[in-house]
Amino acid sequence: QVQPVESGGGLVQAGDSLRLSCVASGRTSGSYFMGWFRQAPGKEREFVAAISRSGGNIYYAISVKGRFTISRDNANNTMYLQMNSLKPEDTAVYYCAARLRPYTGSYYYGNDYDAWGQGTQVTVSS
């Protein structure tokens, strides 16, 4: 079974940067389409970014495009989310997710993924 584990969250000021990491234990992360989601207090979980198995296809939510960069290192079973120019509205718990089933083209919804991490808190102060 695959178990994603996130790290790298913290408290930063607006305009700062953070890099989140997700290590997928079990089978190699290179076998899976993966994504990042976030959930702010009182709000529903939302899509942030996704990356194909090879890293050749990348998708972003409009709210983070141009500020966040998703990448992966399959040799080390790790996925990253580089977050620049952070805003207070980026404050949320960030989750890493892996799709264990064959990819069919849908990446935006939570039920497109099968394995989830426990989340890491990102807080951006103004």
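In this text, all values refer to a predicted model and were calculated from it rather than measured experimentally.
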Undergrad: Supply the atom-to-atom distance Thr69 OG1 to Leu81 CG, rounded to the nearest 0.5 angstrom.
TA: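 Going from the OG1 atom of Thr69 to the CG atom of Leu81 covers 8.0 Å.
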
Undergrad: For Arg45, check side chain to side chain contact (heavy atoms under 4.5 Å, CB included) against everything at least two apart and list the hits.
TA: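 Expected list: Phe37, Gln39, Trp116.
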
Undergrad: Any chance you could measure Asn74, atom CG, to Met79, atom CE, to the nearest 0.5 Å?
TA: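 CE of Met79 is found 11.0 Å from CG of Asn74.
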
Undergrad: By side-chain hydrogen bond (donor to acceptor under 3.5 Å, both in side chains), which residues pair with Ser106, not counting sequence neighbours?
TA: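 So Ser106 forms a side-chain hydrogen bond (donor to acceptor under 3.5 Å, both in side chains) with Asp112.
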
Undergrad: Taking all non-hydrogen atoms of both residues, which atom of Val64 and which atom of Val48 are closest, and how far apart?
TA: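 So the two residues come closest at CG2-O, 3.5 Å.
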
Undergrad: Check whether Arg99 reaches the backbone of Gly35 with its side chain - one donor and one acceptor, N or O, closer than 3.5 Å.
TA: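 Side chain of Arg99 to backbone of Gly35, a donor-acceptor pair under 3.5 Å: no, none is there.
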
Undergrad: Kindly state each residue pair satisfying ring-ring contact (aromatic ring centres under 6.0 Å, His included) with at least one member in residues 51-86, sequence neighbours excluded.
TA: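 The answer is Tyr59-Tyr107.
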
Undergrad: Grouping I, L, V, M, F, W and Y whenever their side-chain heavy atoms are under 4.5 Å apart, do Val5 and Val122 come out in a common cluster?
TA: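 In one cluster: no.
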
Undergrad: Sub-3.5 Å donor-acceptor pair from the side chain of Gln82 to the main-chain atoms of Arg19, do we have one?
TA: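 No; zero donor-acceptor contacts below 3.5 Å.
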
Undergrad: I'd like to know if Leu11 and Leu20 are part of one continuous hydrophobic network [Ile/Leu/Val/Met/Phe/Trp/Tyr, side-chain heavy atoms within less than 4.5 Å].
TA: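 Leu20 and Leu11: separate clusters.
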
Undergrad: Is there any disulfide (SG to SG under 2.5 Å) pair reaching into residues 40-89, and which pairs are they, with sequence neighbours excluded?
TA: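 Residue pairs with at least one partner in residues 40-89: there are none.
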
Undergrad: Rounded to the nearest 0.5 Å, what separation is found between the OH atom of Tyr32 and the CZ atom of Arg72?
TA: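 Result: 10.5 Å between the selected atoms.
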
Undergrad: Could you list the residues that satisfy salt bridge (charged side-chain N to carboxylate O under 4.0 Å, His left out) with Asp16, not counting sequence neighbours?
TA: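 Once residues adjacent in sequence are excluded, Asp16 has no partner under the salt bridge (charged side-chain N to carboxylate O under 4.0 Å, His left out) criterion.
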
Undergrad: Taking only residues two or more places apart in sequence, or in another chain, which ones meet Tyr94 in a side-chain hydrogen bond (donor to acceptor under 3.5 Å, both in side chains)?
TA: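 Only Arg38 meet the side-chain hydrogen bond (donor to acceptor under 3.5 Å, both in side chains) criterion with Tyr94.
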
Undergrad: Not counting sequence neighbours, which residues clear salt bridge (charged side-chain N to carboxylate O under 4.0 Å, His left out) with Arg67? List them please.
TA: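 By the salt bridge (charged side-chain N to carboxylate O under 4.0 Å, His left out) rule, Arg67 matches Asp90.
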
Undergrad: Name all residues meeting the ring pair (Phe, Tyr, Trp, His ring centres under 6.0 Å) criterion together with Tyr109; count only those two or more places apart in sequence or in a different chain, and write none if there are none.
TA: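 In terms of ring pair (Phe, Tyr, Trp, His ring centres under 6.0 Å), with neighbours along the sequence ignored, Tyr109 is linked to no residue.
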
Undergrad: Taking side chain to side chain contact (heavy atoms under 4.5 Å, CB included) as the test, write out the residues that go with Ser7, two or more places apart.
TA: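 Counting only residues at least two positions away or on another chain, Ser7 forms a side chain to side chain contact (heavy atoms under 4.5 Å, CB included) with Ser21.
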
Undergrad: Which atoms form the tightest heavy-atom contact between Ser126 and Pro88, and what is the distance?
TA: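 For Ser126 versus Pro88, the nearest heavy atoms are CB-CG, 3.8 Å.
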
Undergrad: Does the side chain of Val124 reach to within under 4.5 Å of the side chain of Lys87, using non-hydrogen atoms?
TA: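 Counting from C-beta outward, Val124 and Lys87 never come under 4.5 Å.
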
Undergrad: For Tyr113 and Ala50, which heavy atoms make the closest approach, and how far apart are they?
TA: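 Closest approach of Tyr113 to Ala50, heavy atoms only: OH-CB, 3.6 Å.
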
Undergrad: Can you sort out the partners of Glu89 under salt bridge (charged side-chain N to carboxylate O under 4.0 Å, His left out), two or more places apart, ordered by chain and number?
TA: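 Checked Glu89 against salt bridge (charged side-chain N to carboxylate O under 4.0 Å, His left out); zero matches.
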
Undergrad: Distance check, rounded to the nearest 0.5 Å: Leu18 atom CG versus Thr120 atom OG1?
TA: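 Spacing of CG (Leu18) from OG1 (Thr120) equals 8.5 Å.
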
Undergrad: Would you give the length of the straight line joining atom CD of Glu6 to atom CD of Gln121, rounded to the nearest 0.5 angstrom?
TA: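 Reported to 0.5 Å precision, the distance equals 12.0 Å.
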
Undergrad: Ignoring hydrogens and angles, tell me if any N or O in the side chain of Tyr103 forms a donor-acceptor pair with the backbone of Gly105 under 3.5 Å.
TA: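 It does hold such a pair.
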
Undergrad: Under a single-linkage definition using a 4.5 Å side-chain heavy-atom cutoff for Ile, Leu, Val, Met, Phe, Trp and Tyr, are Leu100 and Val23 assigned to the same hydrophobic cluster?
TA: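 Shared cluster, no.
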
Undergrad: Taking side-chain hydrogen bond (donor to acceptor under 3.5 Å, both in side chains) as the definition, give me every residue that meets it alongside Gln3, ordered by chain and number, with sequence neighbours left out.
TA: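 Gln3 satisfies side-chain hydrogen bond (donor to acceptor under 3.5 Å, both in side chains) with no other residue.
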
Undergrad: I need the full list of disulfide (SG to SG under 2.5 Å) pairs touching residues 87-126, with sequence neighbours left out, sorted by first then second residue.
TA: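 Listed by first then second residue: Cys22-Cys96.
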
